[in-house]
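These notes are about the structure you will find just below.
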Amino acid sequence: MNINQIKETQALLKKAQKIAIIPHKNPDGDAMGSTLALSAYLTIKGHKATVVAPNDYPHFLKWLPGNKEVLTYTHHSSASRNCILDADLVFTLDFNHFSRTGDLEEVLERVTAPLIMIDHHQQPSDYAAVTYSDTSMSSTCEMLYHFITALGDEHLINAQMASCLYTGIMTDTGSFRFPSTTATTHRVIANLMDKGAINSDIHNQIYDTNSVSRLQLLGVALNNLVVLKEHRTAFITITQKELDNHNFKKGDTEGFVNYCLSLQGIIFAVIFIENTSDQIIKMSLRSKGDFSVNEFARSHYQGGGHTNAAGGKSDLSIEETVTHFKTLLPLYKAQLAI
Ligand code: 5GP
Ligand code: MN
C-alpha cells in the first residue's frame, strides 16, 4: 500500500459505520481467512462489519473464528442484499472483478458506497476507490497482514485473526511450497504464530478431516488420470455420476489437480469436473514455471487467475471438452514441448 492509499483508506474508514466484506464465489481458505480476519479487525476498531459470501464453502473452513456470523447469499438473499446495499463501505477480497461473485454480481453493480479492493490476481478492474492489488503476493491473507500493519494496527491482530490469516496463506501457497512464497511470507507466518496461530492445529483442521468417500473419490480421479507426455501435460476428469456415487460435498475435489503436477516432467495440469446442474464443466488449471494458465484460461475457458493457478469453465460435454482441450496443446508447443 502506498501512502495515498493508506490515507484514503483511513478517510473512508473514519466515515464508515456499517461495512460489508465480500469474498469470491466458491470461497477458498484465502477468501474466507481474509474476510473473517478483516471482519474481526474492523469490529475491534468499532465498526459493524459483516462478511457476505456469494455461496457456501467447504466444511473444512467452517471452524474458522467468526464463521457463524457469515451471511451466505444463496441461503439469506434478502439479508445479504440489504447488508451490502445499506453499507457505508464495501470491501472486496481475493477477487478483482464483480463477475467472480456469481449471482451477487448484480447486487455489487448497484452499490453506491465506496469500495476497497484487496487482491492478488492479475488485471484488476477499476470499481474501487482504493485498489490494493499486488500480483506478487502469495495470498490476500498476506496482503491483509500488510494492510493492517500499514494502518498502524499490527498490535491488534489477536489469535483468532492470526489463525484466519495463517489459514489463507497456507492454503494459497500449497503449504508454503509455491514460488509465490517469499522470505517475507515466512516472516509474516512467524509473526502470526507469535500472535497465537497454532500451525499443527490449523493444518489438521484443513487437511486431516477427510471422509472415506472423499478419499475414494480421489481414487476414482487418479484412475481417470491421462498423461500426455509429449506436451508435458496431465489431466483428470470426474463425471457427475462419479461425484454422486461418492456422496460429493463441496470442497471434496480441492487439491486433486495437484497430483498431476507431482508427476516427473509434467508442467501443465488440468482437472475437468462435470456439473450437470449448472450445465458446465468446471476446470482447475495448474502449471510449473513460466507457462501461464491464467492466459490459457482467459483465452479458452472464460476464466483466469494467476500464472500457475487458474480456473475456468466449458459449456461443451465432458468428452467434447477433453477433445477440444487436446487440440489446443499443439498451439503451445513452444512452451509445452519437451
Ligand atoms: P481453483 O482452480 O482453485 O478454483 O482456482 C485457482 C485460482 O484461479 C484462484 O485464484 C481462483 O480465484 C482463480 N479462478 C478460479 N476460477 C476462476 C474463474 O472462473 N475466473 C477467474 N478469473 N478466476 C478464477
Ligand atoms: Mn487468493
Side-chain angles (χ1 to χ4, degrees), residues 22-38 53-55 57-58 60-61 91-105 117-125 132-147 164-176 178 180-181 185 188 206 221 235-236 238 250-261 268-273 275 278 280-287 292-315 321:
I22 323 290
H24 54 76
K25 187 180 174 189
N26 299 324
D28 57 7
D30 192 29
M32 289 319 299
S34 58
T35 51
L36 287 169
L38 178 61
N55 64 345
Y57 42 93
F60 58 77
L61 296 175
F91 278 85
T92 67
L93 265 52
D94 202 34
F95 71 92
N96 61 23
H97 204 283
F98 287 164
S99 63
R100 293 282 294 122
T101 62
D103 293 341
L104 259 192
E105 178 175 8
M117 178 206 297
I118 306 177
D119 178 62
H120 66 136
H121 294 88
Q122 291 170 2
Q123 302 178 24
S125 36
Y132 174 31
S133 163
D134 186 344
T135 58
S136 73
M137 282 284 164
S138 69
S139 54
T140 301
C141 279
E142 183 176 342
M143 296 178 77
L144 202 69
Y145 178 90
H146 297 310
F147 174 85
C164 291
L165 295 177
Y166 187 106
T167 297
I169 299 173
M170 180 185 80
T171 54
D172 256 30
T173 59
S175 298
F176 318 110
F178 299 152
S180 58
T181 314
T185 312
V188 170
I206 299 290
F235 68 85
I236 286 172
I238 305 183
K250 205 170 241 315
D252 277 357
T253 56
E254 199 95 355
F256 283 11
V257 64
N258 295 323
Y259 284 91
C260 299
L261 275 192
F268 181 27
V270 184
I271 186 165
F272 300 92
I273 302 170
N275 181 329
D278 289 350
I280 58 160
I281 309 300
K282 172 73 186 136
M283 299 168 59
S284 283
L285 305 94
R286 301 289 186 267
S287 67
S292 172
V293 286
N294 170 49
E295 279 166 31
F296 193 90
R298 269 178 206 279
S299 308
H300 308 292
Y301 295 108
Q302 311 160 55
H306 311 280
T307 302
N308 295 131
K313 63 179 180 180
S314 157
D315 301 320
T321 301

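Quantities reported herein were computed from a predicted structural model and do not represent experimental measurements. When a ligand or atom number is given, it counts from 1 through the structure's own listing order.
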Worksheet item: How about Thr307 and Gln122: does a side-chain donor come under 3.5 Å of a side-chain acceptor?
Response: yes

Practice prompt. Specify side chain, backbone, both or neither for Gln123, according to which of its non-hydrogen atoms lie closer than 4.0 Å to ligand 1.
Written response: neither

Worksheet item: Any idea which protein heavy atom is nearest atom 12 (O) of ligand 1, and the distance to it?
Response: Arg100 NH2, 2.9 Å

Worksheet item: If you measure from atom 19 (O) of ligand 1 to every heavy atom of Ser284, Gly311, Pro27, Gly305, which option wins on shortest distance?
Response: Gly311

Worksheet item: Does Asp30 use its side chain to pair, donor to acceptor, with the backbone of Thr140 at less than 3.5 Å?
Response: yes

Discussion item. I'd like to know if the side chain of Asp119 reaches the main chain of Leu93, judged simply by a donor and an acceptor atom lying under 3.5 Å from each other, with no hydrogens or angles considered.
Written reply: no

Discussion item. Among all the protein's non-hydrogen atoms, which is closest to atom 13 (C) of ligand 1, and how far away is it?
Written reply: Gly304 O, 3.7 Å

Discussion item. With a 3.5 Å distance limit and no angle check, can you tell me whether Ser138 reaches the backbone of Ser180 through a side-chain donor-acceptor pair?
Written reply: no

Discussion item. Less than 4.0 Å is my threshold; does some heavy atom of His121 fall inside it relative to ligand 1?
Written reply: yes

Item to complete: Provide, to 0.1 Å, the distance between atom 7 (C) of ligand 1 and the closest protein heavy atom, together with that atom's residue and name.
Response: Ala309 O, 3.6 Å

Worksheet item: Under 2.8 Å from the Mn ion (ligand 2), which protein atoms of type N, O or S occur, listed by chain and number?
Response: Asp30 OD2, Asp94 OD1, His120 NE2, Asp172 OD2

Fill in: Heteroatom distance test (Gln302, ligand 1): nitrogen or oxygen, under 3.5 angstrom
no

Worksheet item: Given that the side chain starts at C-beta and the backbone is N, CA, C, O, which of these parts of His306 lies under 4.0 Å from ligand 1, counting heavy atoms, or is it both or neither?
Response: side chain

Discussion item. Could you go through His121 and His97, starting from their C-alpha distance and side-chain angles, then the distance that decides it, and tell me whether this counts as ring pair (Phe, Tyr, Trp, His ring centres under 6.0 Å)?
Written reply: CA-CA 10 Å; His121 294 88; His97 204 283; over 10 Å; no

Worksheet item: Do Pro23 and Asp94 have side chains that get closer than 4.5 Å, going by heavy atoms?
Response: no

Fill in: Within-4.5 Å side-chain heavy-atom neighbours: Asp252 and Pro58
no

Worksheet entry | 4.5 Å side-chain heavy-atom contact, Tyr57 and Asp28 | no

Discussion item. If we count only N and O atoms by modelled type, under 3.5 Å, do the side chains of Thr321 and Ser314 hold a donor and an acceptor together?
Written reply: yes

Discussion item. Just to check, does Arg286 reach to within less than 4.0 Å of ligand 1 when the distance is taken from its heavy atoms?
Written reply: yes

Item to complete: Would you check if Arg298 and Gln123 make a side-chain contact, meaning some heavy-atom pair closer than 4.5 Å?
Response: yes

Worksheet item: Lys282 heavy atoms, cut-off 4.0 Å: which ligand 1 atoms fall inside?
Response: 15 (C), 16 (N)

Response to the item:
So for His97 against ligand 1, with non-hydrogen atoms under 4.0 Å, the contacting part is neither

Worksheet item: Out of curiosity, is Lys313 lining ligand 1, as in a heavy atom under 4.0 Å away?
Response: no

Item to complete: Give a yes-or-no answer on whether the side chains of Asp134 and His146 include a donor-acceptor pair shorter than 3.5 Å.
Response: no

Worksheet item: Heavy atoms, side chains only, cut-off 4.5 Å: are Ile236 and Cys260 in contact?
Response: yes

